[in-house]
Each structure stands twice: as structure tokens, then as C-alpha cells.
Amino acid sequence: MSDKTATKAIGAIAAKLGSDRVETAREILTCYAFDATNIKSLPFAVTFPRSMEEVRSIVSLCSESGVHVIPRGAGTGFVGGTVPVTGGVVVSMERLGKILDIDASQRVAVVESGVVNGMLQREAAKHGLMFPPDPSSLEVSTLGGNVAQDAGGPRALKYGVTRDYVLGIEFVTWEGRLVEPVCPGVGSRRWDPLDSLLTSSEGTLGLITKIWLRLLFVPKELVTVLAFFGTTVAAAGAVSRVLDCGVLPAAVELIDSVAMDCIKAFVDVNIPSGAGCSLLIETDGREGEARESMAVVRKVLDGAGVIDVRVAESQAQREELWRMRRSISPSLARIAPSKINEDVCVPRSKLPDLVEEVNKLGRKYRLRVPTFGHAGDGNLHVNVMLDRRDKDEVRRAEAMVGELFEATLRLDGTISGEHGIGITKLEYLPRQLGPAGVVFQSRIKRAFDPGGTVNPGKVIVQS
Ligand SMILES: Cc1cc2nc3c(=O)[nH]c(=O)nc-3n(C[C@H](O)[C@H](O)[C@H](O)COP(=O)(O)OP(=O)(O)OC[C@H]3O[C@@H](n4cnc5c(N)ncnc54)[C@H](O)[C@@H]3O)c2cc1C
């Protein structure tokens with residue numbers, strides 16, 4: 001793709017849709033050059049469609065000229081998925097931000113793909129409903145991005161991930177054609193294999209413009225506690241015991257001592273002496289049910305070496321605990337300017353082994369590694385903190401991540417529990433999928449996008 005062809009395509013887009021739909025100023029391009037990984041690559045232009053028809057026009061004008069298109073939601077991804085590594089034209093979905101319908105009787109929402117998750121949560125709550133997938137980025141990340149990444153969140157333990165709530169996806173193909181879903185919004189066992197492929201396709205198969213999502217009733221009662229343990233290994237061991245006790249909490253989140261130290265700057269949390277790790281546990285259900293479940297959980301915690309338990313007595317205290325949990329990622333910036341955030345996931349019973357491995361690797365490579373995450377799902381966010389100006393530290397951090405992935409695979413785990421592959425984990429993908437898996441994935445990519453127009457250089461690489 002030459003600058004000349006890209007300039008021609010951009011000119012054609014501006015002529016057709018108006019110059020306010022296209023930006024080429026360097027200061028704007030810079031804002032769309034990165035995601036939460038902070039890996040940067042400037043696009044040639046950024047476009048801001050306001051409708052599905054405009055997305056189609058942009059994509060067809062780009063693909064006619066051989067210009068790459070990169071779909072983008074809010075840029076909160078942790079794997080570089082929306083970073084325009086080959087330049088090209090970023091298609092930002094931020095102006096496709098309308099909730100088109102909430103059908104309370106069918107418990108179905110229809111949204112444009114740029115709607116922010118938290119906005120849907122608030123609208124659904126007005127009908128006594130909720131959209132269970134609740135990534136910690138919910139106040140920023142878009143539902144299109146959530147679907148493209150199959151986002152999870154604390155509630156995934158009980159309620160599943162985004163995929164479990166998709167009831168239809170409308171998307172635009174590499175050549176600007178529209179694909180509409182089969183019978184969207186109907187039943188939870190609808191047959192539409194394209195939905196399954198688009199969900200977690202990481203923006204490589206098409207541009208999602210409209211989504212039908214299943215909603216659930218908001219539980220009547222919620223009980224939230226913060227339980228402190230002496231060590232991360234003890235807390236990780238308690239997770240399995242809690243989940244074997246016959247009740248299924250809505251969330252079991254682990255926060256290690258380094259992460260706790262960071263969040264102390266954000267919220268007023270009084271940490272007991274000797275605490276080296278905490279578990280944020282929530283039960284939910286009908287009136288009385290959540291309390292009953294939490295009583296069972298508390299008995300298990302008592303037998304699992306808990307040091308102290310704080311119970312959120314009011315809705316405000318509950319929100320404070322969750323605000324604390326959601327502030328971990330941003331709070332880490334206090335200890336180092338950069339981080340490599342890996343979302344490794346192992347069978348729950350192997351969590352203590354994973355935690356020991358992380359501690360061992362942190363010591364071996366002399367790095368600070370705050371660890372937290374959706375432990376109930378076996379999914380831990382291991383944050384390798386570093387200063388990218390220090391070449392030796394970068395080398396040590398990258399070596400540590402390689403060993404972490406090897407250890408995860410040895411423990412029968414996966415290198416991605418929810419953030420996806422993007423560009424940061426590409427080199428490890430063959431280890432996870434095996435050669436046949438990689439070939440098969442590239443065939444799927446080729447069937448959807450023969451010329452490699454949509455988000456090239458990402459997850460599903462063409463062979
Ligand atoms: C503080 C913080 C907390 C987080 N917590 C969680 C968590 O709990 N659980 C979790 O799963 N993730 C979490 N994430 C990661 C991230 O928020 C999710 O992956 C989210 O789904 C990305 O949404 P986005 O709108 O920001 O997408 P982007 O980052 O803009 O894009 C992500 C990928 O989706 C593609 N994409 C975006 N929109 C579309 C579209 N309309 N059509 C086709 N492809 C598209 C892009 O090309 C890219 O490959 C967190 C991130 C941060 C910064």
C-alpha cells in the first residue's frame with residue numbers, strides 16, 4: 001500500500017461522507033496509534049463513521065485501493081489488537097454509540113457496536129436487567145470490542161463471558177458487504193455459526209456494526225466480602241476450597257500484596273498486618289439466598305487460613321470495594337512507567353502452582369510482578385512491571401513472560417484467559433494451537449478476507 005493510494009482512498013471517503021469523517025492530523029493519528037499495551041504505530045488516517053452504511057463505504061473504498069482497515073472500539077485492549085501495525089486506516093466505532101432497543105419482556109438489547117459497556121449496564125438496570133459480562137474496563141470499552149475479544153470479567157465465574165450473551169451480530173466484510181445475522185435476538189440456542197466465529201475474532205474477520213445481546217434479571221441480593229490471607233499461595237488454595245463447597249459465588253477475585261499496596265493510594269482500605277493477599281468474593285441470588293451462600297463461604301474461609309474478613313454492609317461500601325478492584329490496573333503506573341500484562345489461565349486446582357511459579361520468576365528476573373484477577377476462573381493477570389528505557393529490564397521482562405507461558409502450558413493452562421492474542425502473543429500461538437491449528441485458523445482468515453485487508457498482522461495470520 002503506497003501513500004499515494006491511501007491518499008486517494010482518503011480523498012474518496014471525505015468526498016463521499018464529508019471531511020469530518022476523516023482525520024489525518026498527526027496529533028489525532030497519535031491518539032489512535034496505540035491501545036493499553038502502549039505499543040505504538042501510526043495509521044495513515046482515522047475515520048469516524050456514524051452508521052453501518054458509512055462503515056461499508058469506508059471499507060469498500062479502502063479495499064478497492066488495497067488499503068488496510070483496522071477496526072477500533074475504545075482502545076483498551078491489552079494485546080495490541082487495534083494497533084495499526086501496517087499503517088492503513090483506523091475505523092473508529094466511537095460514533096456508532098446508540099442503544100437501539102431494550103426489549104424488557106424478551107430481555108434482549110440491540111446496540112450499535114460503539115456503545116460503551118457501562119452505558120448498557122445503566123440502561124438495562126432501569127428495567128431491572130443486567131448485561132452480565134463486566135470487564136473491569138466497562139466504563140470505557142465498547143460492546144463491539146467486548147464481542148471481538150469475547151471479554152470476560154469478575155462475573156464470568158457464574159455467568160460466563162460475552163459469547164454466552166450474543167444473540168446476533170451484523171458485520172461488514174473486507175469488501176464492504178453487509179452480513180446480517182440469522183433470526184437475531186431469538187432464543188439462546190439460535191443456529192448461526194458466523195456469530196461464533198466473529199466473537200473473539202479480534203477484529204480480523206470483519207467490522208461489527210450491530211449486536212443483539214441477551215440480558216438477565218438483576219439479582220435481588222448481593223453480599224460482598226474482602227478476605228485477607230497471609231500469602232498469595234494460601235489465598236490461591238482457598239479459591240478451590242470455596243468453589244468446592246456447593247455454592248457458586250458470582251465472583252472470586254484475587255489481589256496480591258503488591259497490587260494492594262498500589263490501590264491504597266486510590267481508596268481508603270485498611271489492610272490488617274500480616275496480610276499478603278486478599279480475595280474479593282461476592283455471592284448473589286434471591287432474597288436471603290446470597291446471605292445464606294456467603295455464610296457457607298465464610299465457614300470455608302475460616303478453615304482455609306483467612307486472617308480477617310471485611311463485609312460490605314451497604315451498597316456504597318460494596319461499590320467502594322469494586323472501585324478498588326477496578327482501580328488496580330491504573331494504579332500500577334505508580335510503581336513503573338510500563339508493564340506487560342499477561343492473562344494466563346490454569347485449571348483452578350493448579351492456581352497455587354501458578355502463583356508459586358510467578359513468585360519464583362519474579363525473583364529470578366528481579367522484577368516486581370503484581371498479580372490479581374478472576375481467580376475463581378483460574379484466570380490471573382500477571383503484570384510484569386518495567387521501564388522500557390532500561391534495555392536490560394526489557395530483556396529480563398520478555399524472558400520472564402516466555403517462561404511464564406511455558407509454565408502455564410505445563411500446568412495445562414492457556415496463554416490467554418480473556419485478553420486474546422493480538423500482536424503481543426502471536427509468537428507463542430503455535431505452542432498453544434499446534435501446527436495444524438495454526439494452518440486451520442489461517443484458512444478461516446483467508447475465507448473471510450482473502451486479500452488480508454482487515455486488521456492484518458494479528459491473531460489469525462495468513463500462511
Ligand atoms: C483497566 C482495564 C481493565 C480490563 N479488564 C478486562 C476484564 O476484566 N476482562 C476482559 O476481558 N478484558 C479486560 N480488559 C481488556 C479490554 O478492555 C477488553 O479486551 C475490551 O473488550 C476491549 O474493548 P475496546 O472497545 O477497548 O476494544 P479495542 O481495544 O479498541 O479493540 C480490541 C480488538 O477488538 C477489535 N474491535 C474493536 N471494535 C470492533 C468492531 N466493532 N468490530 C470488529 N472488531 C472490533 C479491534 O480491532 C481489536 O482487535 C481491560 C482493559 C483495561 C485497560
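We count ligands from 1, going down the list as the structure has it; atoms in each ligand are counted the same way.
Near His374, meaning under 4.0 Å from any of its heavy atoms, are these atoms of ligand 1: 8 (O). Under a 4.0 Å criterion applied to the non-hydrogen atoms of Ser113, ligand 1 contributes the atoms 41 (N). For ligand 1, the atoms lying closer than 4.0 Å to a non-hydrogen atom of Ala151 are 11 (O), 21 (O). Using a 4.0 Å cut-off to heavy atoms of Ser329, the atoms of ligand 1 that qualify are 1 (C).
Counting heavy atoms under 4.0 Å from ligand 1, residue Pro135 touches it through both backbone and side chain. Contact annotation for Lys458 and ligand 1: no heavy atom of the residue comes within less than 4.0 Å of the ligand. Residue contacts with ligand 1 for Asn455 involve side-chain atoms from C-beta outward but no N, CA, C or O (heavy atoms, distance under 4.0 Å).
For the pair Arg122 and Glu139, the salt-bridge criterion is met [side-chain N within less than 4.0 Å of a carboxylate O]. Looking at Glu202 and Lys458, no side-chain N of the basic residue comes within less than 4.0 Å of a carboxylate O on the acidic one, giving no salt bridge. Ion pairing of Arg318 with Glu282 is present here, as a side-chain N (NZ or NE/NH1/NH2) and a carboxylate O approach within less than 4.0 Å. Look at Arg323 and Glu320 and you find a salt bridge, because one of the NZ, NE, NH1 or NH2 atoms lies within 4.0 Å of a carboxylate O, short of that distance.
Here the protein heavy atom with the shortest distance to atom 43 (C) of ligand 1 is Gly206 O, 3.4 Å. The protein heavy-atom contact nearest to atom 48 (C) of ligand 1 is Gly81 C, 3.5 Å. Nearest protein heavy-atom neighbour of atom 5 (N) of ligand 1: Ser136 N, 3.3 Å. Of the protein's heavy atoms, Glu418 OE2, 2.9 Å lies nearest to atom 9 (N) of ligand 1. The shortest contact between atom 24 (P) of ligand 1 and any protein heavy atom is with Ala74 N, 3.5 Å. The single protein non-hydrogen atom nearest to atom 52 (C) of ligand 1 is Phe78 CE1, 3.4 Å, given as residue, atom name and distance. What sits closest to atom 29 (O) of ligand 1 on the protein, heavy atoms only, is Gly77 N, 2.8 Å. Atom 46 (C) of ligand 1 has as its closest protein heavy atom Pro71 O, 3.2 Å.
For ligand 1, the polar-atom distance check against Ala148 finds no nitrogen or oxygen pair separated by under 3.5 Å. Between Met93 and ligand 1, a contact under 3.5 Å exists for no N or O pair. At under 3.5 Å, not a single nitrogen or oxygen of Ile70, backbone or side chain, sits near a nitrogen or oxygen of ligand 1. Considering backbone and side-chain N/O atoms, Ser137 comes within less than 3.5 Å of an N/O atom of ligand 1. Residue Gly152 places at least one N or O, backbone or side chain, under 3.5 Å from an N or O of ligand 1. Annotation: Gly73 places an N or O atom under 3.5 Å from an N or O atom of ligand 1; distance criterion only.
Distances from atom 49 (O) of ligand 1 to the heavy atoms of Glu112, Glu202, Glu94, His419 show the closest one on Glu202. Taking only non-hydrogen atoms, the option from Thr142, Val79, Val115 nearest to atom 25 (O) of ligand 1 is Thr142.
Separation of atoms CD (Glu253) and CG (Leu380) is listed at 9.5 Å; rounding is to 0.5 Å.
When all heavy atoms of Pro456 and Val85 are compared, the pair lying nearest together is O-CG2, 3.6 Å.
Contact annotation: the side chain of Met400 never approaches that of Ile340 to less than 4.5 Å [non-hydrogen atoms, C-beta and beyond]. Counting only heavy atoms from C-beta outward, the side chains of Val186 and Leu167 never approach each other to under 4.5 Å.
Of the N and O atoms on the side chains of Tyr165 and Asn146, not one donor lies less than 3.5 Å from an acceptor on the other residue. Counting only N and O atoms by type, the side chains of Ser63 and Glu175 include no donor and acceptor under 3.5 Å apart. In summary, the side chains of Glu342 and His381 do not present any donor paired with an acceptor at a separation below 3.5 Å, with no hydrogens or angles considered.
Of the candidates Asp284, Thr283, Asp377, Asp284 is the only one forming a side chain to side chain donor-acceptor pair (under 3.5 Å) with Lys158.
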*Working for side chain to side chain donor-acceptor pair (under 3.5 Å), residues Ser92 and Glu94*: CA-CA 6 Å; Ser92 172; Glu94 66 200 85; 2.5 Å; yes

### Task
Report the C-alpha separation of Phe78 and Asp343 in whole Å, then their side-chain angles, then the decisive distance to 0.1 Å, and conclude whether the side chain to side chain contact (heavy atoms under 4.5 Å, CB included) test is met.
CA-CA 9 Å; Phe78 268 135; Asp343 56 322; over 6 Å; no

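At a 4.0 Å cut-off, at least one heavy atom of Asn146 sits close enough to ligand 1 to count as contact.
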